[in-house]
Amino acid sequence: MIVPTGTTDVLLRTEGRAGFLTLNRPRAINALTHPMVLAVDAALTDWEHDPAVTTVVIKGAGERGLCAGGDIRAIHDDARAGGSASAAFWRDEYRLNARIARYPKPYVALMDGIVMGGGVGVSAHGSVRVVTERSRVAMPETGIGFVPDVGGTYLLGRAPGELGTHLALTGGHVGAADAILTGLADHFVPSAELPDLVRDLTRLPVEEAVARHTATAPPGVLAEQREWIDACYPAETVETVVERLFDTGVPAAKEAATTLLAKSPTALKATLATLRRSRALATLEEVLDLEFRVSCAALTSPDLVEGIRAQVVDKDRNPRWSPATLPEVTDESVARCFVAPADGDLGLAAARRDGVNRRITGQAADDRPAPLRTAEDRGSRDRA
């Protein structure tokens, strides 16, 4: 059955026991817009209360990927105009990310092809995350003068050792094996088997359907690189990280250092600070609240507009960062990233606590969020 959404950019259908969400902007690698976020959220509401739907599946239209992130051209235009549309978009997007993490039914993300930024937000918080040999998963925000959001610092902050710090700062993408290693995915399924997996999800319990198609992912690279990554990235400053990377004598480490020096200095320092703070927070909601502050602060930074201009609008790949170097980015400017925005905080953590408290006192017996299905309960990971 086809379910109308009010936008052709999200296609909904139900078949058997499954509800299917298809992000449908293939020419833009299914980049998310505000109406798409609202359509996905509305579908999750409908299917949560539909006993015929026992599984939700999200996938992308076309052959290029699940989702390349948010519509950064729209964010660029909004930031240039000093508008409020981006903050409104993030409010609903981050709420959706938190909802996905606590969704009471199995939420299967088919992370085939490119999965970046906002695409990670609508997939990696799900309860069943499937990658293929074509998967390229990344949080590349520092390259556009932004900071990993959509709960990205929650996920990367809980990756083994300093792998998440490396990925957050460099914006590097990972394949299937490394996505599983870092906790961004759960299962490898060859892309040729995805149609059969989709068919099985319409008629079988999720665990059985996925088990029929799970295979061993092709080898990744991060496990072999972990020694120098874990040695370099615990440094207190980005400058020290770069120095350590250059001093290792390892070609891949030197390449990472060179990559960092091409990113927005302000975004790098804000990202490292956000990661460190997010590690100290207990819940995804708290981290999303933190990220919302940082994202809103980025709207007033010249680097966000400049980074998107260089990478997406003019495509000259030559951003002129301001400040231009890491030492010029002051502690005070980083601290300003964590100030509450003028229009108010996101408030997810407070809403979560309020819901729990009302449930405990018996005032809202049915207000029970589903258990969080993120790194917390997938088993503790070695971060030593």
Checklist entry - Are Trp321 and Thr266 close enough, and set up right, to give a side-chain contact (heavy atoms from CB on, under 4.5 Å), and what steps lead you there? => result CA-CA 8 Å; Trp321 305 123; Thr266 299; over 6 Å; no
Item to check | Residues Val241, Thr165; criterion side-chain contact (heavy atoms from CB on, under 4.5 Å); working and verdict | outcome: CA-CA 10 Å; Val241 170; Thr165 310; over 6 Å; no
Checklist entry - Does the side-chain contact (heavy atoms from CB on, under 4.5 Å) test come out yes or no for Leu348 and Leu284, once each step is laid out? => result CA-CA 9 Å; Leu348 277 174; Leu284 173 62; over 6 Å; no
Checklist entry - For Phe292 and Asp149, what are the C-alpha separation, side-chain angles and deciding distance, and is it a side-chain contact (heavy atoms from CB on, under 4.5 Å)? => result CA-CA 8 Å; Phe292 183 72; Asp149 65 335; over 6 Å; no
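Because its NZ or CZ atom is both nearer than 6.0 Å to the ring centre of Tyr154 and within 45° of the ring axis, Arg158 counts as a cation-pi partner of that residue. Under the 6.0 Å distance and 45° angle rule, Arg293 does not count as a cation-pi partner of Phe338.
Side-chain atoms of Glu291 and Thr274 include no donor-acceptor pair closer than 3.5 Å. Asp200 and His213 share a side-chain donor-acceptor pair at under 3.5 Å. Side-chain N/O atoms of Thr271 and Glu141 include no donor and acceptor closer than 3.5 Å.
Of all heavy-atom pairs between Asp345 and Ala340, the closest is OD1-CB, 3.7 Å. When all heavy atoms are compared, the tightest approach of Cys296 to Pro341 is CB-CB, 4.0 Å.
For Arg336 and Glu332, the salt-bridge test fails: no basic side-chain N is under 4.0 Å from an acidic carboxylate O. Using a 4.0 Å cut-off between charged side-chain N and carboxylate O, Glu286 and Arg277 make no salt bridge. Salt bridge status for Asp41 with Arg99: present, with a side-chain N to carboxylate O gap under 4.0 Å. Between Arg279 and Glu162 there is a salt bridge, since at least one side-chain N of the basic residue sits less than 4.0 Å from a carboxylate O of the acidic one. The pair Asp316-Arg309 meets the salt-bridge criterion, with a side-chain N (NZ, NE, NH1 or NH2) lying under 4.0 Å from an Asp/Glu carboxylate O.
Ring planes of Tyr103 and Tyr107: perpendicular class, angle over 60° (limits at 30 and 60°).
Arg80 CZ: 12 or fewer foreign heavy atoms inside a 6.0 Å radius. Counting non-hydrogen atoms of neighbouring residues, nucleotides and ligands closer than 6.0 angstrom, the CZ atom of Arg27 reaches no more than 12 such neighbours. More than 12 heavy atoms of other shown residues, nucleotides or ligands fall within 6.0 angstrom of atom CD in Glu208.
For the side-chain contact (heavy atoms from CB on, under 4.5 Å) with Cys232, the qualifying choice from Glu227, Glu243, Arg244, His166 is Arg244, the only one to do so. Each of Arg129, Arg64, Arg134, Arg136 was checked for a salt bridge (charged side-chain N to carboxylate O under 4.0 Å, His left out) with Asp112, and the lone residue meeting it is Arg134.
The backbone N or O of Arg17 lies less than 3.5 Å from a partner atom in the side chain of Thr54, making a donor-acceptor pair. For Asn318 (side chain) and Ala310 (main-chain N/O), no donor-acceptor pair under 3.5 Å exists by modelled atom type. Asn30 places a side-chain N or O within donor-acceptor distance of the main-chain N or O of Arg25, the cut-off being under 3.5 Å. Between the side chain of Lys105 and the backbone N or O of Trp47 there is at least one donor-acceptor pair closer than 3.5 Å.
In terms of the side chain to side chain contact (heavy atoms under 4.5 Å, CB included) criterion, residue partners of Glu328 (sequence neighbours excluded) are, by chain and number, Pro323, Ala324, Thr325.
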